[in-house]
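Take a look at the structure set out below.
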Protein chains: 2
Amino acid sequence: MMHTEPGVFGAISHPARRRMLDLLVDGDRPVNEIAENFEMSRPAVSQHLRVLLGAGLVTEQRHGRERRYRLVPEQLEPVRDWLAHYERFWDDNFTRLRRHLEKGEER
Amino acid sequence: MMHTEPGVFGAISHPARRRMLDLLVDGDRPVNEIAENFEMSRPAVSQHLRVLLGAGLVTEQRHGRERRYRLVPEQLEPVRDWLAHYERFWDDNFTRLRRHLEKGEER
DNA sequence: TTGACAGGTAAGCATCTCCTTACGCATTAT
DNA sequence: ATAATGCGTAAGGAGATGCTTACCTGTCAA
C-alpha cells in the first residue's frame, strides 16, 4: 500500500524512459512517433509516458486526436542537485570549461 | 532469469542508496556505521551495498572483521553525461558563459 | 454514418525489488 | 577454547514493475 510517488529518480531509472526524454529534447512528439523508436507495444509506451507524467518530467497537449508530449526539463533538477554533491570529485565546471575550449582551439 | 546488471541509474533510484553514497562522501565507513543511519535491518543495508557494489559505485576493503566501503564517484559519470544532454535548458550563469564564449570563438 | 486512426485503460502474468528472520563464517576478545 | 562481534547469505513473502492482449473512447475522413 505504499503508493509512494516514485519521483524523478525512479522515472529515469528505466532506459526506455530516458530515451523517451531524449527524443523529446528535439521537440514535442505524439505518442505514435515516440513509439516508433521502441520495440515494445504502444500501450507499454503509454504506460512509460504515464510514469514520466507522474514525475512531472513531461506534459501532454491534445491536438485533435493526437496527444503531444512535451519535455519539462526543469524537473530534472533534483537529479542535478544531488549530483552536484559529487562535483568536487570531478574537476569543477570552470576547469572543464577551460579544457573544453582549449580542446576546441587546438583544432 | 533476466539477471540484467541494473546499472548506475537503477542503483541510485532508491533513496536509501543515495543516502549511503552521501554518507561515503565524507570517508570510508564500515557497514555498522552506515547501518546506524537507517531504520531498516542490517542485512537490508548489506543488500543495498551489494547493489552499489554491482554498479561499481563503491568498493569494499577488509580490515580485520570489518569491511569498509569506499565511494567510487567516477562511476556516476553516466548520470552526469546523460544529464549534460539537458544542460542547455537550465541556462544558469555557467551555461550562458559557455554559450557566450563559444559564440566568440566562431569568429 | 461508417470506418480508420490516435491513444488511453483493464486485466493478467512473470519477474524484480525490498524487506524480514534465521543462520553461517571469520575475526577478535576473554 | 569459548564467546562476542562484524557482516554476509538464504529463504520467503508482499508489493511494485513491465510487459502483453483485448477493449474502449474520441476525432477525422469518406
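Chain A is the first sequence line, chain B the second, and so forth, proteins listed ahead of strands; every chain is numbered from 1. Please read these numbers as outputs of a predicted model, since none were measured by experiment.
- Residues meeting the side-chain hydrogen bond (donor to acceptor under 3.5 Å, both in side chains) test with A/E77, sequence neighbours left out: none.
- In this structure, B/H14 atom NE2 and D/dT17 atom C1' are separated by 14 Å, rounded to whole Å.
- Nucleotide D/dG18 holds its P atom 6 Å from the NE2 atom of A/H48, rounded to whole Å.
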At a cut-off of 3.5 Å, list every protein nitrogen or oxygen paired with a nitrogen or oxygen from nucleotides 7-10 of chain C, distance to 0.1 Å.
{"residue": "C/dG7", "atom": "OP1", "partner": "A/V31", "partner atom": "N", "Å": "3.1"}
{"residue": "C/dG7", "atom": "OP1", "partner": "A/R67", "partner atom": "N", "Å": "3.3"}
{"residue": "C/dG7", "atom": "OP2", "partner": "A/N32", "partner atom": "N", "Å": "2.8"}
{"residue": "C/dG7", "atom": "OP2", "partner": "A/N32", "partner atom": "OD1", "Å": "3.4"}
{"residue": "C/dG7", "atom": "OP2", "partner": "A/N32", "partner atom": "ND2", "Å": "3.0"}
{"residue": "C/dG7", "atom": "N7", "partner": "A/R42", "partner atom": "NH2", "Å": "3.0"}
{"residue": "C/dG8", "atom": "OP1", "partner": "A/Y69", "partner atom": "OH", "Å": "2.9"}
{"residue": "C/dG8", "atom": "OP2", "partner": "A/S46", "partner atom": "OG", "Å": "2.2"}
{"residue": "C/dG8", "atom": "N7", "partner": "A/R42", "partner atom": "NH1", "Å": "3.2"}
{"residue": "C/dG8", "atom": "O6", "partner": "A/R42", "partner atom": "NH2", "Å": "3.2"}
{"residue": "C/dT9", "atom": "OP2", "partner": "A/R50", "partner atom": "NE", "Å": "3.4"}

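- The distance from atom CD of B/Q61 to atom P of D/dG6 is 18 Å, rounded to the nearest whole Å.
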For a side-chain contact (heavy atoms from CB on, under 4.5 Å) check, start with the C-alpha distance between A/Y69 and A/M20, then their side-chain angles and the critical distance, and finish with the verdict.
CA-CA 10 Å; A/Y69 282 86; A/M20 286 176 193; over 6 Å; no
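- A/S41 has a side-chain polar atom (N or O) that falls below the 4.0 Å cut-off from OP1 or OP2 of D/dT20.
- Screening residues 23-32 of chain B for salt bridge (charged side-chain N to carboxylate O under 4.0 Å, His left out) gives B/D28-B/R70, B/R29-B/E33 as the qualifying pairs, with residues at least two apart or on separate chains.
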When the side chains of residues 39-49 of chain B are checked against the rest of the protein, which donor-acceptor pairs come out under 3.5 Å, sequence neighbours left out?
{"residue": "B/S41", "atom": "OG", "partner": "B/A44", "partner atom": "N", "Å": "3.3"}
{"residue": "B/H48", "atom": "ND1", "partner": "B/R17", "partner atom": "NH1", "Å": "3.0"}

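- In this structure, B/D28 places its CG atom 13 Å from P of D/dC7, rounding to the nearest Å.
- Pairs engaging residues 46-63 of chain A under the salt bridge (charged side-chain N to carboxylate O under 4.0 Å, His left out) rule: A/E60-A/R62, A/E60-A/R67 [sequence neighbours left out].
- Of the side-chain N and O atoms in B/H63, none sit less than 4.0 angstrom from OP1 or OP2 of D/dG6.
- Spacing between atom CE of B/M40 and atom P of D/dG8 amounts to 14 Å, rounded to whole angstrom units.
- The interatomic distance linking B/F38 (CZ) with D/dC7 (P) rounds to 15 Å, in whole Å.
- Applying the side-chain hydrogen bond (donor to acceptor under 3.5 Å, both in side chains) test to A/N32 and every residue at least two apart in sequence or in another chain returns nothing.
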